[in-house]
Amino acid sequence: MNLTGTLADWTIVDLLTMLKVTKKTGTLRIRGDRSGYIHFVEGKVSAAMVEGSIALDGDGGDRTAAVDTLFVLSSFATGQFELGHYEGPDTDGWDVDDLLADMGRLQELEGDVAEAGLTTQSLILSDRITSAITVGPDDWWAIASLVSVLSLQQLEEVFGRARAIRMLHTLWRLGVTEVVAEVAAEPAPDPLGSDEMEPARSLDLGPGPESEDAPQSDEAWLDEIALAARGATDEVPMQERRTLTGLSAPASTTLTGSVLDEMRRLRGRTGG
C-alpha cells in the first residue's frame, strides 16, 4: 500500500507518529529542494538519511545519524513524500517515541545556541580562561573535532620548532594525543597482467652539455633537471610525506588556559 502527499499537509513528525501507530513497513521518500528517506520496520525507524549530507554511518543505520537526519528532515516545510516498499537494512529499528525525544533535546540545544547569539557569528576558542576546566569523555569530542591531524613538521612550519615542541609536549603530557598509523600505498596494478616489469622510461630533459643544439658553456640543462626533480616532489601530497599524529580523549582531561591558547592558535592558523 502506497501513501503519498505533501509536507504542507503532513509534517515529518506527523508521518513518524502515523507510521508508528499503524506499524507500517516501508521506505518513506521525501523529495523537494532537498531529498531524503526514512526506513520503517513495523512502525520503527531502521535508518534515515538526507541525500548529499554527511552521515555518521555509511548507510544511515547508526541511531545518532538517524536522529540527526530526522532532525534535519523535520525542518522541511515543502516537498512531497511517498511511502513505498521497504528498501532498508535488515534490522529491527528504534522506537519512534525515543527518537522524537532525542529530537526534542536537539531542539532545546538549538534554542540555547540561538539565544547565546552563536548561530550567525564566527567563533574562536577563548584566548584565556580564568580557571581549569575538566572535560569529560562525553564532551571531549567537541574539542578534538576542531583539531585536524597534525605533525611536528607541520607545527614547526607555523609556529617554529621550539613552540611546536612545547605544544606537542603539553598535549602528550595531558594524555590527549595518539599516533595515527600511516597507510602504506598500494602498488599500482600491472597493466600487462604479468610478472614482467615495464621498461623504465627516460625523462626528456632537453639538450645535454654535449649537444650540438647548445654551446658547451650553456648550463641551462642543469636548471631543467632541478626543476624536474622539484616538480616530482611537489606532486606528492603533503600528508604522504610526513609522519602524522592525531588527538584522542582519555577518561577525563583538565585543560588550562595555556593549552586552550595553543589549540586556538593552531586552529586559527591551519583552518584557512
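Residue numbers run from 1 in the order of the sequence given. Computed from a predicted model, the values in this text were never measured in an experiment. Excluded from the calculations below are hydrogen atoms, water molecules and symmetry mates; all remaining heavy atoms, backbone and side chain alike, are included.
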Report task. Would you please name every residue forming a side chain to side chain donor-acceptor pair (under 3.5 Å) with Ser35, sequence neighbours left out? Result -> none
Query raised in the report: How far apart are the C-alpha atoms of Leu83 and Thr27, what are their side-chain angles, what is the distance that settles it, and do they pass the side-chain contact (heavy atoms from CB on, under 4.5 Å) test?
Result: CA-CA 6 Å; Leu83 179 66; Thr27 295; 5.7 Å; no
Query raised in the report: Met167 versus Leu155: any side-chain heavy-atom pair under 4.5 Å?
Result: yes
Report summary line: To the nearest 0.5 Å, atom OG1 of Thr170 lies from atom CD1 of Ile165 at 11.5 Å
Query raised in the report: For residues Thr11 and Asp14, is any side-chain donor paired with an opposing acceptor at under 3.5 Å?
Result: yes
Query raised in the report: Residues in side-chain contact (heavy atoms from CB on, under 4.5 Å) with Thr119, at least two apart?
Result: Val113, Ala114
Query - Between Ser46 and His39, a side-chain donor and acceptor under 3.5 Å - result: no
Query raised in the report: Sequence neighbours excluded, which residues qualify as side chain to side chain donor-acceptor pair (under 3.5 Å) partners of Ser74?
Result: none
Query raised in the report: What pair of heavy atoms forms the shortest contact from Val45 to Phe40, and how long is it?
Result: CG2-CE2, 3.8 Å
Query raised in the report: Between Ser145 and Ala142, is there a donor-acceptor pair closer than 3.5 Å when you use the side chain of the first and the backbone of the second?
Result: no
**Report entry** From Asp68 atom CG to Met49 atom CE, the distance as rounded to the nearest 0.5 Å
**Finding:** 11.5 Å
Query - Inter- and intrachain pairs under salt bridge (charged side-chain N to carboxylate O under 4.0 Å, His left out), touching residues 84-97, at least two apart - result: Lys20-Asp97, Arg29-Glu87
Report task. Could you walk me through whether Leu150 and Leu168 pass the side-chain contact (heavy atoms from CB on, under 4.5 Å) test, one step at a time? Result -> CA-CA 10 Å; Leu150 49 88; Leu168 281 184; 3.9 Å; yes
Query - Steps toward side-chain contact (heavy atoms from CB on, under 4.5 Å) verdict (Ile38, Ile12) - result: CA-CA 10 Å; Ile38 309 172; Ile12 295 298; 4.3 Å; yes
Requested in this report: Taking all heavy atoms of Leu99 and all of Trp94, pick out the closest pair and write down the distance.
Outcome: CD2-CB, 3.9 Å
**Report entry** pair Phe81-Thr4: side-chain heavy atoms closer than 4.5 Å
**Finding:** no
Query raised in the report: CD/Gln153 to CD/Glu157 distance, rounded to the nearest 0.5 angstrom?
Result: 8.0 Å
Query raised in the report: Hey, mind stepping through Val50 and Tyr37 against side-chain contact (heavy atoms from CB on, under 4.5 Å) and telling me if it holds?
Result: CA-CA 7 Å; Val50 177; Tyr37 59 80; over 6 Å; no
Query - Any residue meeting side chain to side chain donor-acceptor pair (under 3.5 Å) with Thr6, in chain and number order, not counting sequence neighbours - result: Asp9
**Report entry** Gap separating the CG atom of Leu28 from the CH2 atom of Trp10, nearest 0.5 angstrom
**Finding:** 11.5 Å
Report summary line: Between Glu42 and Thr25 the two heavy atoms that sit nearest each other are N-OG1, 2.8 Å
Query raised in the report: Who pairs with Trp172 by side-chain contact (heavy atoms from CB on, under 4.5 Å), at least two apart in sequence or on another chain?
Result: His169, Thr177
Requested in this report: Mind checking side chain to side chain donor-acceptor pair (under 3.5 Å) for Arg31 and listing every partner two or more places apart, or none if nothing turns up?
Outcome: none
Report summary line: Rounding to 0.5 Å, atoms CD (Gln80) and CG (Leu7) come to a distance of 7.5 Å
Query raised in the report: Where do Leu152 and Ala164 come nearest, in terms of heavy atoms and distance?
Result: CD1-CB, 3.9 Å
Query - Selection residues 100-111 - residue pairs positive for salt bridge (charged side-chain N to carboxylate O under 4.0 Å, His left out), sequence neighbours left out - result: Arg63-Asp102, Asp102-Arg105
Requested in this report: Please write out which residues are connected to Val41 in a hydrophobic cluster, directly or through intermediates, given that two of Ile, Leu, Val, Met, Phe, Trp, Tyr count as joined at side-chain heavy-atom separations below 4.5 angstrom.
Outcome: Tyr86
Requested in this report: Write down the atom of Ala48, the atom of Leu70, and the distance for their closest heavy-atom approach.
Outcome: CB-CD2, 4.2 Å
Requested in this report: May I ask you to decide if Ser151's main-chain N or O and Gln154's side chain share a donor-acceptor pair within less than 3.5 Å?
Outcome: yes
Query raised in the report: Would you say the side chain of Arg34 lies within less than 4.5 Å of the side chain of Val72, judging by non-hydrogen atoms?
Result: yes
Query raised in the report: Linking I/L/V/M/F/W/Y whenever any side-chain heavy atoms sit under 4.5 Å apart, do Leu146 and Leu118 land together?
Result: no
Query raised in the report: Quick one: CD1 on Ile133 to OG on Ser131, what's the gap to the nearest 0.5 Å?
Result: 6.5 Å
